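Because only heavy atoms are used, hydrogens play no part in the values below, and waters and symmetry mates are left out as well, while side chains stay in. All figures in this text were calculated on a predicted structure; none of them were measured in a lab.
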Amino acid sequence: IALPAIVTNITVPLLGLVDTAIVGHMGAAAYIGAIAVGSMIFNLVYWVFGFLRMGTSGMTAQARGRRDLAEVSRLLVRSVLVSLGVSLALLLLQWPLCEMMLSFIGPTPDVRPLAVTYFYIVVWGAPASLGLFALTGWYIGMQNTRIPMFISIMQNVVNILYGIISVPFLINYFGKEEYGLIGLALSVNVYMQLLDMGMTNSNVRFFSEYIAKDEKENVQKLFSLTHLFYTVIGLLNAVILFGLSFCVDALFKVTPEQAITLRNLLWILALNATFSWISVCFDQFLRANELIDWIKRRLTFLKVMQFVVLWATIFLHFSIEIYFLGYVFMATAILPLTILKAKKIMPELKLNWRFDKAVFHNIFPYAISIFSFSIFHYIAFNFRPLFLGNMSGPGSVAEFNVMNTIAMVVTIISGSFMQVLLPIVTKMTVNQEKDSIQRMMADGTKYVTILLSAIIFILIINVDDLFTLYVGEEY
């Protein structure tokens with residue numbers, strides 16, 4: 001049962017990537033527009049039926065807790081049958097659904113017939129896609145952590161599609177030099193992540209411990225402290241970016257016109273900095289409650305919205321500042337969803353600011369130890385685009401981003417394992433399950449290494465073909 005779910009989850013995003021890459025080399029923008037319109041339709045349709053996953057998860061967990069194995073089996077059958085029933089309805093109503101969605105989106109006359117063709121082909125994948133929702137929810141309800149972990153990792157493939165697809169579009173639309181300014185601004189802001197000082201992983205660890213021990217008072221103290229910490233960090237981040245914006249012509253090799261654009265991009269990041277940091281403390285709380293799946297769904301929704309911004313920029317001829325404003329503030333726009341989810345999990349959670357000296361002394365040494373372990377690698381990796389911008393200009397930054405986008409596939413997949421395993425291992429530690437921890441360390445190291453090595457090997461031996469397919473032979 002698990003194998004089809006995993007294979008389906010892998011092939012869906014890979015299919016979209018291959019579709020976009022192939023039609024991008026067919027000589028007409030209408031083909032790419034059709035893929036964009038069709039993908040937008042299916043993202044909206046499938047999002048509506050997300051209840052197949054979360055509803056199944058909750059009811060399965062309750063039945064398993066009662067040790068009602070018959071009900072557990074019936075829930076699996078029911079959820080799959082519901083997904084098949086919904087899929088059948090989509091297949092039967094595909095014509096009116098397609099017409100309604102296209103009338104809402106309003107594609108150009110040359111894009112519309114191609115989008116219709118794409119829709120009528122991809123709609124036949126609805127049974128597999130919706131069936132995957134039901135299976136994932138059932139596995140989560142059964143507390144089977146391995147299958148949801150692999151499915152969660154595969155969902156990252158969907159999330160990084162935006163980064164992969166957007167690079168060629170933005171380079172062609174704004175030009176290599178202007179696109180490099182976006183990478184330069186984001187690289188400057190990435191360095192602000194050092195202000196976190198390892199608190200993210202430390203907080204997830206201690207949130208998980210307090211939740212496992214049902215110490216709600218300590219959960220509240222840690223949340224209030226984290227909320228205060230990230231609010232201060234966000235304001236400091238904004239001040240630093242605002243100050244750096246007046247030095248861009250001295251720091252980087254840019255023309256006067258490019259300096260003005262880069263300054264505007266840094267101002268946009270400065271305005272959003274505080275909200276971005278505050279959202280981090282809510283994410284830590286949700287991860288400690290093992291709501292990785294919900295976070296992945298929210299990030300998928302964010303990427304869909306950012307793709308809409310990309311589409312609007314190209315077809316409505318927005319400036320680079322307007323595009324960047326939409327791209328950045330979409331992340332802030334979903335913050336209320338995160339707050340509501342946190343309050344739903346713990347209704348008594350207070351969104352206040354309070355410094356607790358005892359809690360701080362407990363978590364900060366742990367955070368600093370993590371921070372010291374990774375700081376040199378972090379600086380070395382993220383200094384590259386800044387160094388290129390200083391020595392060669394934004395064009396070189398654009399070229400670096402093209403290469404880094406492909407390497408990012410491995411980075412995001414590897415990072416997913418920590419997000420999934422950290423709260424699980426913390427609870428094992430609280431319950432003193434030493435044998436389980438040893439197995440997790442041994443099996444995790446072995447299988448993660450094999451998986452990532454295989455992916456890296458495939459990327460290396462196909463690097464020429466990948467770049468040719470991605471941005472074209474001439475570029």
_Return the CZ to CD1 distance between Phe206 and Ile211, rounded to the nearest 0.5 Å._
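Output value for this atom pair is 13.5 Å.
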_Does Glu348 have more than 12 heavy atoms from other residues, nucleotides or ligands lying within 6.0 Å of its CD?_
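For Glu348, atom CD is crowded (more than 12 foreign heavy atoms under 6.0 Å).
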*asked:* Is it true that, when you exclude Lys216 itself, more than 12 heavy atoms of the residues, nucleotides or ligands shown sit nearer than 6.0 Å to its NZ?
replied: no
*Would you say Ser279's side chain and Ser276's backbone share a donor-acceptor pair under 3.5 angstrom?*
yes
*Please say which of Thr261, Leu181, Leu186, Thr313 ends up in a side chain to side chain contact (heavy atoms under 4.5 Å, CB included) with Phe324.*
Leu186
*What's the verdict on side chain to side chain contact (heavy atoms under 4.5 Å, CB included) for Val232 and Phe355, showing C-alpha distance, side-chain angles and the deciding distance?*
CA-CA 12 Å; Val232 174; Phe355 180 80; over 6 Å; no
_Using side-chain heavy atoms (C-beta onward) and a distance below 4.5 Å, is Lys221 in contact with Asn362?_
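Of all side-chain heavy-atom pairs linking Asn362 with Lys221, none is under 4.5 Å.
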_Whether the side chain of Gln220 engages the backbone of Lys350 through a donor-acceptor N/O pair (distance < 3.5 Å, no angle test) should be reported._
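Side chain of Gln220 to backbone of Lys350: a pair is present.
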_Quick check: closest heavy atoms across Phe223 and Phe282, and the distance to 0.1 Å?_
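Heavy-atom minimum between the residues: CZ-CE2, 3.4 Å.
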_If I take atom CZ from residue Arg287 and atom CD from residue Gln284, how far apart are they, to the nearest 0.5 angstrom?_
8.0 Å
*Report yes or no: does Ser202 contribute a side-chain atom to a donor-acceptor pair with the main-chain N or O of Met199 at less than 3.5 Å?*
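Side chain of Ser202 to backbone of Met199: no pair is present.
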*With rounding to the nearest 0.5 Å, note down the distance linking CZ in Phe285 to CD1 in Ile339.*
12.5 Å
*Minimum heavy-atom distance Arg354-Leu228, with the two atoms named*: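 What the structure gives for the nearest pair is C-CD2, 4.0 Å.
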*Write down the atom of Val248, the atom of Ala259, and the distance for their closest heavy-atom approach.*
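What the structure gives for the nearest pair is CG2-O, 3.6 Å.
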*From Trp277 CH2 over to Thr231 OG1, what is the distance, rounded to the nearest 0.5 angstrom?*
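Interatomic distance, Trp277 CH2 to Thr231 OG1, rounded to 0.5 Å: 11.5 Å.
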*Within a reach of under 6.0 Å around CZ of Phe329, are more than 12 heavy atoms found that belong to other residues, nucleotides or ligands?*
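Buried by this count: over 12 neighbours within 6.0 Å.
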*Minimal non-hydrogen separation, Ala238 against Ala273, with atom names*: N-CB, 4.0 Å
_Approximate separation, where rounding is to 0.5 Å, of Met330 CE and Leu325 CG_ = 9.5 Å
*Rounded to the nearest 0.5 Å, how far does CG of Leu225 lie from NZ of Lys357?*
13.5 Å
*Spell out, as yes or no, whether a donor-acceptor pair under 3.5 Å connects the side chain of Gln306 to the backbone of Tyr327.*
yes
Review item, side-chain donor-acceptor pairs of residues 265-272, under 3.5 Å, at least two apart:
| from | atom 1 | to | atom 2 | distance (Å) |
| --- | --- | --- | --- | --- |
| Trp267 | NE1 | Ser245 | OG | 2.8 |
| Asn272 | OD1 | Thr332 | OG1 | 2.1 |

*Kindly give the heavy-atom pair with the smallest separation between Pro365 and His361, and that separation in Å.*
CD-O, 3.1 Å
_Non-hydrogen atoms of Leu349 and Lys343 that approach each other most closely_ =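 Smallest heavy-atom distance, with atoms named: O-NZ, 2.7 Å.
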